[in-house]
Every structure is written in structure tokens, then in C-alpha cells.
Amino acid sequence: MDITILEPIAEKVLDKIRRQSRNPIDRAKLAKDLKISEDELNAGLDILKSWGYSMKINPGGQVVYESAPDRLITPEITNKLKTKIIGHEVHAYKTVQSTNTVAHQLAASGAPEGTLVVAESQTKGRGRLGRMWHSPENCGIYFSLILRPKIHPTRAPGISLISAIAVAETIAGCNDFKIGIKWPNDVLLSGRKVAGILTELSAELDRVNFIVVGIGINVNHKRADFPAELKETATSIRIDGKTKIKRVDFLQKLLYNFEKEYIIFKKSGLEKSRKKILKYSSLLYTDVDLRMGRKTISGKVIDIDKLGQLVIETSEGIMRFNAGEVTTR
Ligand code: BTN
């Protein structure tokens with residue numbers, strides 16, 4: 001049987017048996033209720049098992065639903081998702097080169113606002129400034145969102161900051177963690193990088209066509225999952241919190257937190273989010289070097305303004321920056 005026909009059948013079966021919780025359901029009745037043949041039902045159940053769902057067939061031939069896998073697959077991500085638009089269209093992959101690249105292609109061909117592209121691993125995960133994002137299978141969460149805000153392109157960097165707030169708040173909700181946001185788009189856990197954000201823009205001079213915001217989070221990585229060059233600077237929620245995280249739950253909370261910040265941002269820019277940005281900022285009142293291309297500016301960070309710019313007090317006066325690579329001194 002054709003897999004493109006069977007997958008929707010599997011999702012229908014899942015929807016039904018999940019609602020029965022652990023109560024046994026008669027197979028013939030299940031097939032009849034879903035208006036499918038028993039062969040289709042069996043094929044659907046096999047697909048669900050291959051996706052990692054656990055269920056058993058009891059001696060009377062009834063189906064008993066047991067548990068769901070912690071896999072980033074569409075029926076799990078959308079099950080009881082509390083958002084209004086974010087993550088309602090999902091493109092979930094086992095592996096891709098980069099979810100940002102896939103999201104860019106989907107956006108260019110008209111995918112709606114809120115579309116989520118997620119993968120269990122990336123072979124060419126992209127970071128800022130041409131870096132790679134290490135994306136091993138089953139450890140992290142790697143995803144991109146397609147956004148179509150009606151804003152001026154100069155306000156687009158604000159998307160990185162509200163994404164960082166959403167990530168920081170979701171991680172903070174897992175444990176008693178020490179979270180920081182390192183402007184413009186790194187999230188730190190106990191001073192080490194736990195998440196990164198890559199915001200890419202397609203725009204005309206005066207309007208945004210679409211934005212792809214890509215977020216990578218080190219969730220269940222163990223120390224050994226990081227390559228040598230990241231061992232000192234990176235961490236994961238599991239390493240710091242000493243417990244494994246349910247990635248599907250985490251992603252659903254993150255999408256919810258993101259949507260909350262995004263709605264506020266679309267309405268009133270960064271003004272209302274500034275308090276949170278400053279609360280989490282790891283750079284506020286610290287001495288930094290900010291590198292932009294070949295130029296380096298040194299001074300003390302005194303603010304992040306309502307345009308999301310880093311405000312630095314330098315020997316030549318107060319300066320504002322909307323991009324750059326910051327190191328603390
Ligand atoms: C950075 O810290 O430099 C940004 C890292 C962004 C990584 C995420 S993972 C999901 C999405 N797809 C990519 O290729 N990159 C972003």
C-alpha cells in the first residue's frame with residue numbers, strides 16, 4: 001500500500017486510540033468507525049509502531065494504546081499544542097541539511113505564517129557568521145519558523161531577541177537555572193552556550209517578505225555528544241539540570257512562549273519585552289569588545305534599547321549597534 005495514503009490513516013488511528021487512553025478497543029469496531037479496512041488498520045498500526053508508539057494487541061484482538069515516543073514528529077508536536085498559529089503547519093524530517101534552508105524554500109513558495117520546520121538532525125546546520133551548528137540526532141531541538149510580520153525591515157533584528165526571551169523562559173521553566181541572553185542571539189546556561197538563533201530575512205527596501213527564525217537548542221546532549229572544540233563553551237539542559245528533558249513537551253512550551261512574545265512584538269515592537277531582555281542580559285554593565293568586520297569597539301554595555309540595539313559607553317561617547325560579535329573583557 002502507498003505510504004502517502006497510509007500515513008494519514010496512521011494519524012487517524014492514532015487520534016482515535018489515543019483518545020481511548022489505555023482502554024482496549026475492538027479492531028473491527030475501530031476499522032468500522034474510521035471507515036477503513038482491517039488491512040489498512042493493521043498497516044496503520046505498523047506505521048505507528050515504526051514511529052515509536054507503544055501499543056499492544058490483547059488476547060481478544062483488541063488494541064491498547066500505551067505510550068508515545070519523545071520524537072519530533074507531526075502528530076506529537078501538534079497534539080494538544082496550545083498556540084493559535086505557530087506550529088499549526090509542520091514539516092518534520094528525520095534529517096535535513098538545514099531547517100533554515102528548507103524553511104526558506106517553503107516560505108518562497110508561499111508557506112503560511114507560523115509554519116514549523118523541524119528535524120531530528122542536520123547535516124549542515126548553520127550558525128551565525130558562517131559557523132556550523134552541531135546537530136546530532138535525538139539530542140537537541142533544531143527548528144525554523146516562517147514569519148510574515150508587517151514590519152519595516154529595520155525592526156527584524158527584534159525577532160532574534162524575542163526568540164531568545166522565549167527560549168530563556170522555557171529553559172527557566174525546566175529547573176532552577178541561571179539563564180542569560182548574550183546579545184544578540186545566544187542563550188547561556190551557567191555561562192555556557194545552550195542555544196543559538198539564526199534570523200534570516202527576505203525583504204524589499206521598506207517591507208518584509210518573510211523572516212525565517214532558526215533555533216538550535218542543546219537539550220539532552222551528554223558531554224560526550226559535543227565535539228572537542230565545543231566541550232568547554234557549550235552545555236545542554238540535561239548536563240546542567242542532571243535530568244533528561246521530554247523534547248516534545250519542551251518544544252510545545254517554547255512555541256507557546258514564542259507566540260506570546262511575537263504577538264506583543266507585532267503590536268508594539270520591543271518596548272514591552274525590554275524589561276525581560278534586560279533581566280536576562282548577560283552583558284549589561286560589563287566591559288566588552290564588539291567586533292564588526294575588521295573594526296573593534298570597546299566599552300561598557302549600558303543598555304539594550306527599544307530597537308534592540310546594544311548601547312555601549314565608549315571613550316568617544318555613547319554608541320548604538322545593531323549587529324556584531326561581542327566578547328567580554
Ligand atoms: C548561532 O548561534 O550561531 C545560531 C545557531 C542557529 C542554529 C539553528 S538549528 C535550526 C536552524 N537551522 C540551521 O541551520 N540553523 C538554525
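For clarity, every value in this text was computed on a predicted model and none was experimentally measured. First listed ligand is number 1; within each ligand, the first listed atom is number 1.
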- Message: Under 3.5 Å between any N/O of N185 and any N/O of ligand 1: does that happen in this structure?
- Response: no

Taking only non-hydrogen atoms of T99 and a 4.0 Å limit, the atoms of ligand 1 in range are 10 (C), 11 (C), 12 (N)

Taking atom types as modelled, is there a side-chain donor on S202 or N209 under 3.5 Å from an acceptor on the other?
yes

Does the side chain of T235 come under 3.5 Å of the side chain of D240 through a donor N or O and an acceptor N or O? yes

Within 4.0 Å of some non-hydrogen atom of D186, the atoms of ligand 1 are 2 (O)

The atoms of ligand 1 lying under 4.0 Å from a heavy atom of R126, numbered in the order shown, are 5 (C), 6 (C), 7 (C), 13 (C), 14 (O), 15 (N), 16 (C)

Logged contact type for K193 with ligand 1, heavy-atom cut-off 4.0 Å, is side chain

* Asked: Is Q122 in polar range of ligand 1, meaning some N or O pair under 3.5 Å apart?
  -> yes

Note: T101, heavy atoms under 4.0 Å from ligand 1, region reported as neither

- In terms of side-chain heavy atoms, does E313 have a donor or acceptor partner in Y285 at a distance below 3.5 Å? no

Ligand 1 atoms nearer than 4.0 angstrom to some heavy atom of G127 are 1 (C), 3 (O), 4 (C), 5 (C)

If we number the atoms of ligand 1 from 1 as shown, the ones under 4.0 Å from a heavy atom of R128 are 1 (C), 3 (O), 4 (C)

(request) Measure from NZ or CZ of R155 to the centre of the six-membered ring of F265 and say whether it is under 6.0 Å with the direction within 45° of the ring axis. (result) yes

Practice prompt. With the side chain counted from C-beta on, respond yes when T95 and Q122 share a heavy-atom pair under 4.5 Å apart, and no when they do not.
Written response: no

Note: ligand 1 atoms sitting under 4.0 Å from heavy atoms of W133 are 2 (O), 5 (C), 7 (C), 9 (S)

Exercise. If we ignore angles and hydrogens, is there a donor and acceptor under 3.5 Å between the side chains of S160 and T199?
Worked result: yes

If we number the atoms of ligand 1 from 1 as shown, the ones under 4.0 Å from a heavy atom of G125 are 14 (O)

Inset, instruction - Carefully, step by step, assess I304 and S281 under the rule side-chain contact (heavy atoms from CB on, under 4.5 Å). - result: CA-CA 9 Å; I304 293 167; S281 174; 3.9 Å; yes

In ligand 1, the atoms that come under 4.0 Å of a heavy atom of S98 are 12 (N), 13 (C), 14 (O)

Only one of K182, K295, R128 passes salt bridge (charged side-chain N to carboxylate O under 4.0 Å, His left out) with E325, and that residue is R128

